[in-house]
Visitor: 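Can you keep this structure in mind? I'll have questions shortly.
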Amino acid sequence: MAAKGLKVALSSIGIGLLITAVSSLISHWEDIVGWFKKTFPQLNNLGSSFNKLKVVIMGVGNSVLQYIITPFKAAASVINDLLHGNFEGLVENAGKILRDGYNFSKNYQVGANRELLNQQQAAQEKSRKSQLEALDKEHARYVAKHGQNLKSEVEYHHKRLKLLTKGTDEYENELNASYTAERQLREQNTKEALKKADEIKKAREKAIAEAEAAAKKAEQERKRTAEKIAGDQASVKQTIETDHITNEKNTRKNSEEQITSAYNSDKVNNTIKSQGALDNQLKLIDDYYTKLEQFRQADLQDEIDAINRKSAALVEKAHGNSELLKDIEKERRAAIQVAQEKYLNIYNKNLDQQAKDEQEAGNKLLQPLLDKARQLGQELGRS
């Protein structure tokens, strides 16, 4: 009622009518501009000019308004100080109100800045809606051209989330859609990874089968060659090993059994609750398979040495026969190739098992986190 009375009082004088008119103009500015733009389409290109004019009007309007009400504010301050016995600060308080009220530049800037901020916020909101619309159109074109793609779907939801306001229903719905797309993408990636792993497994099995077939063929060739070797060559034993080599193999076998037993015990009993514990377990795994690799290399070298010794004995008994020497050399190379392929198969199997052990160790650290995440997801779902 007081505000309405003040408005009527101001309207009774010329400047009051001007202020009232300016206030009414500003409050209905968007309607006025919209009417002008609809009536005169050629004014549509003058939007920025209208905005600048509106800033000026708001600045001037605030200055004039402050100029008019300043005496009333000063009088109210004097009365308030008198009622509270503040005689010492009475003049200073009233003077400050008068100085601020008659500071045209400051009051103009306050009104202008307020309008400029409103325009900036409106422009930002318009830009945000325009970006959302463009993003939706771009996504629709992509889907129409390439079909549904979970990776692009996740990126699309992430871009929309950046343009939406947190806490709104639209943002929450978009966030849920983003979570759904991310989950589906993870499931798809898991299926693809399993499929790829299966393909690798089949390829490895095929390579092993081919290697075994080649080894079998080489063995058959070796047998055919051995049949050509006369007399004393047929009596030469296939493998010549010394007691020293046999002892080394037994020693390696015993050592391998011991470290394998210790490794299996550690793998089962070790608990992994930190990154440091995981790093220690990974080092233990690497050390174990490195030692196995050293044992296999030693076995391979022993086998190659035995093949070479056998070949040397056959060469001696060939007595310079060139055809027999060619057959012996061919048999030696084939035997070494078979030994190397056997070593390579063992190496690949150990490499696969090492990767599985490392994955199992990582899962021990991740499983509590995954359980917690799953629990939180269930709680969020219930809420």
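Heavy-atom basis, side chains included; hydrogens, waters and symmetry copies ignored. We count residues from 1, following the sequence as given.
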Visitor: Do Phe295 and Ile285 land in one hydrophobic cluster if side-chain heavy atoms of ILVMFWY residues count as linked below 4.5 Å?
Guide: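 Result: yes, single cluster for both.
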Visitor: So, for Leu324 and Ala318, which heavy atoms are closest and what is the spacing to 0.1 Å?
Guide: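 Looking at all heavy atoms of both residues, the shortest contact is CB-CB, 4.1 Å.
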Visitor: Considering only heavy atoms from C-beta outward, does the side chain of Lys326 approach that of Lys330 to under 4.5 Å?
Guide: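 In short, these two side chains do not touch, never coming nearer than 4.5 Å.
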Visitor: About how many Å separate CD of Gln354 and CD of Gln359, when rounded to the nearest 0.5 Å?
Guide: 13.0 Å
Visitor: Flag the pair Arg183 / Glu187 as yes when at least one side-chain heavy-atom distance between them is below 4.5 Å, and no otherwise.
Guide: yes
Visitor: Check this for me: Asp169, atom CG, are more than 12 non-hydrogen atoms of other residues, nucleotides or ligands nearer than 6.0 Å?
Guide: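 Counting other residues, nucleotides and ligands, CG of Asp169 stays at 12 neighbours or fewer.
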Visitor: Out of curiosity, Leu314 CG to Arg309 CZ, how far, rounded to the nearest 0.5 Å?
Guide: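 Between Leu314 CG and Arg309 CZ, I get 13.0 Å after rounding to 0.5 Å.
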Visitor: As a quick check of understanding, evaluate side-chain contact (heavy atoms from CB on, under 4.5 Å) for Thr168 and Glu172, giving each step before the final call.
Guide: CA-CA 6 Å; Thr168 62; Glu172 292 300 321; over 6 Å; no
Visitor: Between Tyr288 and Asp357, does the side-chain hydrogen bond (donor to acceptor under 3.5 Å, both in side chains) criterion hold? Intermediate values first, please.
Guide: CA-CA 11 Å; Tyr288 170 69; Asp357 290 352; over 6 Å; no
Visitor: Looking at side-chain heavy atoms only, is the closest gap between Lys356 and Gln353 below 4.5 Å?
Guide: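 Yes, close enough: below the 4.5 Å cut-off.
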Visitor: As a quick check of understanding, evaluate salt bridge (charged side-chain N to carboxylate O under 4.0 Å, His left out) for Glu133 and Lys137, giving each step before the final call.
Guide: CA-CA 6 Å; Glu133 182 179 353; Lys137 289 181 179 179; 3.3 Å; yes
Visitor: Hey, is the main chain of Leu194 close enough, under 3.5 Å, to the side chain of Asp198 for a donor-acceptor pair?
Guide: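 No: the side chain of Asp198 does not pair with the backbone of Leu194.
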Visitor: Do Tyr171 and Asn176 have side chains that approach each other closer than 4.5 Å (heavy atoms only, starting at C-beta)?
Guide: no
Visitor: Ile208, Leu344: one ILVMFWY side-chain cluster at the under-4.5 Å cut-off?
Guide: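 No, separate clusters.
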Visitor: Could you go through the side-chain contact (heavy atoms from CB on, under 4.5 Å) check for Glu256 and Thr251 one step at a time?
Guide: CA-CA 9 Å; Glu256 182 176 346; Thr251 300; over 6 Å; no
Visitor: Linking I/L/V/M/F/W/Y whenever any side-chain heavy atoms sit under 4.5 Å apart, do Leu351 and Ile200 land together?
Guide: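 No, no single cluster joins them.
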Visitor: With a 4.5 Å heavy-atom cut-off, do Gln301 and Asp305 have their side chains touching?
Guide: yes
Visitor: CD/Glu210 to NZ/Lys217 distance, rounded to the nearest 0.5 angstrom?
Guide: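 The NZ atom of Lys217 is 12.5 Å from CD of Glu210, to the nearest 0.5 Å.
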Visitor: For side-chain hydrogen bond (donor to acceptor under 3.5 Å, both in side chains), just list the numbers for Gln258 and Asn254, CA-CA rounded to whole Å, side-chain angles, deciding distance to a tenth of an Å, and then say yes or no.
Guide: CA-CA 6 Å; Gln258 291 175 2; Asn254 292 336; over 6 Å; no
Visitor: Evaluate the criterion salt bridge (charged side-chain N to carboxylate O under 4.0 Å, His left out) for residue pair Asp279 and Lys283; output intermediate values, then yes/no.
Guide: CA-CA 6 Å; Asp279 292 340; Lys283 184 178 184 304; over 6 Å; no
Visitor: Are the side chains of Tyr156 and Glu153 in contact, using a 4.5 Å heavy-atom criterion?
Guide: yes
Visitor: For the side-chain contact (heavy atoms from CB on, under 4.5 Å) test, which of Glu221, Lys216, Lys223 pairs with Glu219?
Guide: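 Among the candidates, only Lys223 passes.
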Visitor: Evaluate Glu174 against His158 for side-chain hydrogen bond (donor to acceptor under 3.5 Å, both in side chains), listing each step before the verdict.
Guide: CA-CA 9 Å; Glu174 191 65 35; His158 286 177; over 6 Å; no
Visitor: Less than 4.5 Å apart, side chain to side chain, heavy atoms only: is that true for Arg160 and Asp136?
Guide: yes
Visitor: Tell me if a side-chain donor or acceptor on Ser261 pairs with a main-chain N or O of Glu257 at a distance below 3.5 Å.
Guide: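 A pair under 3.5 Å: no.
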Visitor: Measuring from Glu358:CD to Tyr289:OH, what's the distance to the nearest 0.5 Å?
Guide: 9.0 Å
Visitor: Can you tell which of Asn149, Val154, Leu150 makes a side-chain contact (heavy atoms from CB on, under 4.5 Å) with Ser152?
Guide: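 Of the listed residues Asn149, Val154, Leu150, the side-chain contact (heavy atoms from CB on, under 4.5 Å) partner of Ser152 is Asn149.
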Visitor: Shortest non-hydrogen contact from Arg332 to Ser311?
Guide: CD-OG, 3.4 Å
Visitor: Give a yes or no on this: more than 12 heavy atoms of other residues, nucleotides or ligands lie within 6.0 Å of atom OH of Tyr347.
Guide: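 No, OH of Tyr347 has 12 or fewer neighbouring heavy atoms, counting only those of other groups under 6.0 Å.
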Visitor: Quick one, Gln337 and Lys342 - any side-chain contact, counting heavy atoms below 4.5 Å?
Guide: no
Visitor: Show the nearest heavy-atom pair for residues Ala339 and Ile307, with the distance to one decimal.
Guide: CB-CD1, 4.5 Å
Visitor: Using side-chain hydrogen bond (donor to acceptor under 3.5 Å, both in side chains), reason through Gln297 and Glu293 one step at a time and then give a plain yes or no.
Guide: CA-CA 6 Å; Gln297 288 180 354; Glu293 172 63 11; 2.9 Å; yes
Visitor: Find the distance between CD1 (Ile346) and CG (Asp299) and round it off to the nearest 0.5 Å.
Guide: 7.5 Å
Visitor: Salt bridge or not between Glu329 and Arg333? Use side-chain N to carboxylate O under 4.0 Å.
Guide: yes
Visitor: Measure the spacing between OH of Tyr142 and NZ of Lys145 and express it to the nearest 0.5 Å.
Guide: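 Output value for this atom pair is 10.0 Å.
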Visitor: Hydrophobic clustering (ILVMFWY, side-chain heavy atoms < 4.5 Å, transitive) - are Leu292 and Tyr343 grouped together?
Guide: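 No, because Tyr343 and Leu292 fall into different hydrophobic clusters, even though each may have its own neighbours under 4.5 Å.
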Visitor: Would you say CZ of Arg224 has more than 12 non-hydrogen atoms from neighbouring residues, nucleotides or ligands within 6.0 angstrom?
Guide: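 Yes - once you tally the heavy atoms of other residues, nucleotides and ligands closer than 6.0 Å, there are more than 12.
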Visitor: Which pair of heavy atoms, one from Ala211 and one from Glu341, lies closest together, and at what distance?
Guide: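 Residues Ala211 and Glu341, closest heavy atoms: O-OE1, 3.5 Å.
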Visitor: Taking Lys310 as the fixed residue, which of Glu331, Glu316, Glu303 is the one that meets the salt bridge (charged side-chain N to carboxylate O under 4.0 Å, His left out) rule?
Guide: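 Answer to the salt bridge (charged side-chain N to carboxylate O under 4.0 Å, His left out) test with Lys310 among Glu331, Glu316, Glu303: Glu331.
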Visitor: Is it true that Asp352 and Lys349 make a salt bridge, defined as a side-chain N closer than 4.0 Å to a carboxylate O?
Guide: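 No salt bridge links Asp352 with Lys349.
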